[in-house]
Amino acid sequence: KHLLFDDLDKINDFIENLEEQVKFKIKNFRKTKKVFPVVLKGTSSVIDNRTFALVLEKAVKTALKKEEIELITKTDFDKMITKLKSDEINWEKVFKGTELEVYGTKEDIISKLQQGNINILTKIEGILSQKGIHFSTENIANWLAEVRNELKNKGIADYLVIYWDEFTGILELPKAGLLLTELQNIAELSPNKGVYLFIVAHRRPYQTTISRDDVEKVLGRFKVLDY
């Protein structure tokens with residue numbers, strides 16, 4: 001991730017120690033391009049498609065904050081905070097007497113959302129759904145494309161790459177088959193949208209409980225390398 005994003009003066013010594021062919025390719029690429037990195041490891045609280053999307057949103061927001069980058073593109077956390085702060089949701093009427101009260105006051109809940117608390121956001125969405133209140137949530141693939149476009153338009157980076165290590169745990173989840181559809185949607189962004197997914201797993205998808213048909217559909221979007 002450092003080679004493709006950090007300022008060249010910070011990584012030049014490392015580049016010089018690489019093999020000549022690799023060194024040439026990196027130097028040539030970095031003359032005009034930068035790749036913004038987002039790093040995840042393990043299952044990261046993922047249990048289904050919704051939490052998968054929120055984990056990605058949180059990881060991207062954390063990476064942007066670390067680099068002191070502010071974007072207009074909002075996460076679902078940001079949007080819920082806006083709704084709770086406005087009159088769009090009547091806090092007393094909607095949440096009084098619900099399990100959300102265990103986690104504190106309205107201000108406490110907003111603070112947890114600002115920290116990217118996935119458990120709190122999904123509980124809020126569940127309570128709202130029970131009361132017949134529904135808000136549209138962001139399609140994660142479209143959201144990632146929006147983030148990348150804004151990074152490019154601001155001259156910060158040309159591409160967005162998600163590096164996800166120890167991904168095997170995701171493949172072993174009960175709803176892994178459904179998650180593969182989300183992976184496929186993100187992988188389809190790479191040819192034209194500049195968003196890439198770099199997955200490191202210690203087991204091939206064929207060695208999990210995911211159906212062979214589902215695996216083959218998704219692997220068609222990825223380049224698989226053994227290591």
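Residue Tyr163 places its OH atom among more than 12 non-hydrogen atoms of other residues, nucleotides or ligands, all under 6.0 Å distant. The local environment of CZ in Phe14 is sparse, with at most 12 non-hydrogen atoms from other residues, nucleotides or ligands closer than 6.0 Å. Residue Lys193 qualifies as open at atom NZ: its count of foreign heavy atoms under 6.0 Å is 12 or below.
For Glu57 (side chain) and Ala53 (main-chain N/O), no donor-acceptor pair under 3.5 Å exists by modelled atom type. Under the 3.5 Å distance criterion, the side-chain polar atoms of Asn28 are left unmatched by any main-chain donor or acceptor of Phe24. Under the 3.5 Å distance criterion, the side-chain polar atoms of Asp78 are matched with a main-chain donor or acceptor of Thr75. Looking at Tyr196, its side chain does come within 3.5 Å of a backbone N or O of Ser190 through a donor-acceptor pair. Counting only distance, with no hydrogens or angles, the side chain of Asp48 and the backbone of Arg50 share a donor-acceptor pair below 3.5 Å. Remark: the backbone N or O of Lys74 is paired with a side-chain donor or acceptor of Trp143 at under 3.5 angstrom. Glu150 contributes a side-chain N or O that, together with a main-chain N or O of Thr73, makes up a donor-acceptor pair within less than 3.5 Å.
For the pair Val161/Leu4, no side-chain contact is recorded, criterion being any heavy-atom separation below 4.5 Å from C-beta on. Within the 4.5 Å cutoff, no side-chain heavy atoms of Ile170 are placed close to those of Leu183. For the pair Leu71/Lys154, a side-chain contact is recorded, criterion being any heavy-atom separation below 4.5 Å from C-beta on. Residues Val94 and Leu128 have side chains in contact (heavy-atom distance under 4.5 Å, counting atoms from C-beta outward). Contact annotation: the side chain of Lys65 never approaches that of Lys61 to less than 4.5 Å [non-hydrogen atoms, C-beta and beyond]. Lys83 places a side-chain heavy atom less than 4.5 Å from the side chain of Phe135. Contact annotation: the side chain of Thr137 approaches that of Glu125 to within less than 4.5 Å [non-hydrogen atoms, C-beta and beyond].
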message = If you apply the rule salt bridge (Lys or Arg N to Asp or Glu O under 4.0 Å), what do you find for Glu16 with Lys27, and how did you get there?
response = CA-CA 10 Å; Glu16 290 303 320; Lys27 282 188 171 183; 2.6 Å; yes
task = Show the numbers, then the answer: is there a side chain to side chain contact (heavy atoms under 4.5 Å, CB included) between Val38 and Leu56?
result = CA-CA 9 Å; Val38 176; Leu56 279 173; 5.8 Å; no
request  = Test side chain to side chain contact (heavy atoms under 4.5 Å, CB included) on Met80 and Ile89 and set out the steps.
outcome  = CA-CA 10 Å; Met80 184 59 73; Ile89 298 175; 4.3 Å; yes
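From Ile127, atom CD1 reaches atom OG1 of Thr98 across 3.5 Å, with rounding to the nearest 0.5 Å. Taking CD of Gln114 as the reference point, atom CD1 of Ile81 lies at 4.5 Å (rounded to 0.5 Å). How far NZ of Lys25 is from CG of Leu3: 14.0 Å, rounded to the nearest 0.5 Å. Separation of atoms CZ (Arg30) and CD1 (Ile15) is listed at 7.0 Å; rounding is to 0.5 Å. Taking CG of Asn90 as the start and NZ of Lys96 as the end, the distance is 11.5 Å to the nearest 0.5 Å. With rounding to the nearest 0.5 angstrom, the NZ atom of Lys85 is 9.5 Å from the CD atom of Glu107.
Each of Ile47 and Trp164 belongs to its own hydrophobic cluster when Ile, Leu, Val, Met, Phe, Trp and Tyr are linked at side-chain heavy-atom distances under 4.5 angstrom. One hydrophobic cluster holds both Val102 and Ile124 under the rule that ILVMFWY side chains link at heavy-atom gaps under 4.5 Å.
Closest approach of Asp13 to Asn17, counting heavy atoms only: O-ND2, 3.2 Å. Closest approach of Leu189 and Ala141 over heavy atoms only: CD1-O, 3.3 Å. Shortest non-hydrogen contact noted between Pro37 and Ala63 is O-CB, 3.8 Å. Taking all atoms of both residues into account, the shortest heavy-atom contact from Phe77 to Asn117 is CE2-O, 3.7 Å.
Geometrically, Lys112 does not engage Tyr103 in a cation-pi contact, judged by NZ or CZ lying under 6.0 Å from the ring centre and within 45° of the ring axis.
Between the side chains of Asp108 and Ser111, not a single donor N or O lies within less than 3.5 Å of an accepting N or O.
No salt bridge links Glu92 with Lys106; every basic N to acidic carboxylate O contact stays at or beyond 4.0 Å. The residues Lys34 and Asp158 are annotated as not salt-bridged, no charged nitrogen and carboxylate oxygen being separated by less than 4.0 angstrom.
By the 30° and 60° cut-offs, the orientation of the rings of Phe95 relative to Trp91 is tilted. Between Phe5 and Phe36, the ring planes lie perpendicular to each other; the angle is over 60°, past the 30° to 60° tilted range.
If you run side-chain contact (heavy atoms from CB on, under 4.5 Å) between Ile118 and each of Leu113, Asp76, Val46, Leu54, only Leu54 comes through.
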